[in-house]
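Report on the following structure.
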Amino acid sequence: MATLSDETLRKILVQIQQTAVQSQRALNVSVQQTAAKERERRILQLTIKEISSVDEDVHLYKGVGKMFMMEPHKTMVNDLKSQEKELTDDINSLNKKAKFLEKQFNDAQAQLRDIFHHAPKQQ
């Protein structure tokens, strides 16, 4: 570190700090998206549970724009289950992304600590 000029060291520090800030922001966004998808999935699960408890001869309607269309019971349940599976996959990928971003943030923080810990003491 002693061979680097002050300007080069400053640029490195700024870059590491920017990486940490960007990782933290992206992590927060990822956590919020995960929470929203979890809520959606829970609503779908409750809807599937309610529809499954209803007789199959009851008419079910699906919202399409400003109107409703009659949907067969089996088709409605299958559509909801496929939506639930998509949400589960999205949640899993967001969790992986969050773990990566958290690791990236922690690495940047560790680099900053190392730099300041090993920096020469100025008089």
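Please read all numbers here as calculations on a predicted model, not as lab measurements.
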Straight-line distance of Asn78 CG to Ile48 CD1, nearest 0.5 Å: 9.5 Å
Residue list, salt bridge (charged side-chain N to carboxylate O under 4.0 Å, His left out) with Lys85, at least two apart or on another chain: Asp89
Ser53 side chain vs Glu50 backbone, donor-acceptor pair below 3.5 Å: yes
Residues that Asp57 engages under side chain to side chain contact (heavy atoms under 4.5 Å, CB included), provided they are two or more places apart: Asp55
Residue pairs involving residues 29-45 (criterion salt bridge (Lys or Arg N to Asp or Glu O under 4.0 Å); sequence neighbours excluded): Lys37-Asp90, Glu38-Arg41
List, one per line, each side-chain donor-acceptor pair under 3.5 Å for residues 69-76, sequence neighbours excluded.
unit_1, atom_1, unit_2, atom_2, d
His73, NE2, Ile51, O, 3.0

Gln17: side chain to side chain contact (heavy atoms under 4.5 Å, CB included) partners, not counting sequence neighbours: none
Value rounded to 0.5 Å, distance of CZ in Phe105 from CG in Asn28: 9.5 Å
With sequence neighbours excluded, residues passing salt bridge (charged side-chain N to carboxylate O under 4.0 Å, His left out) with Glu86: none
Separation of Leu44 CG from Thr88 OG1 (nearest 0.5 Å): 9.0 Å
More than 12 heavy atoms of other groups within 6.0 Å of Tyr61 OH: yes
Residues in side chain to side chain contact (heavy atoms under 4.5 Å, CB included) contact with Leu112, at least two apart in sequence or another chain: Leu13, Ile16, Gln109, Phe116
Under 4.5 Å side-chain linkage, directly or through intermediates, the cluster mates of Val58: Val54
Listed partners of Lys96 passing salt bridge (charged side-chain N to carboxylate O under 4.0 Å, His left out), at least two apart: none
Side chain to side chain donor-acceptor pair (under 3.5 Å): pairs with one or both residues in residues 98-108, sequence neighbours excluded: Ser23-Gln104, Lys103-Asp107
Any residue meeting side chain to side chain contact (heavy atoms under 4.5 Å, CB included) with Ala98, in chain and number order, not counting sequence neighbours: Leu27, Ser30
Reported CD1-to-CD distance for the pair Ile91 and Gln33, which is rounded to 0.5 angstrom: 11.5 Å
Gap separating the CD1 atom of Ile43 from the CD atom of Gln83, nearest 0.5 angstrom: 11.5 Å
Val31-Leu94 co-clustered via ILVMFWY side chain contacts under 4.5 Å: no
Residues which pass salt bridge (charged side-chain N to carboxylate O under 4.0 Å, His left out) with Arg10, listed by chain and number, not counting sequence neighbours: Glu7
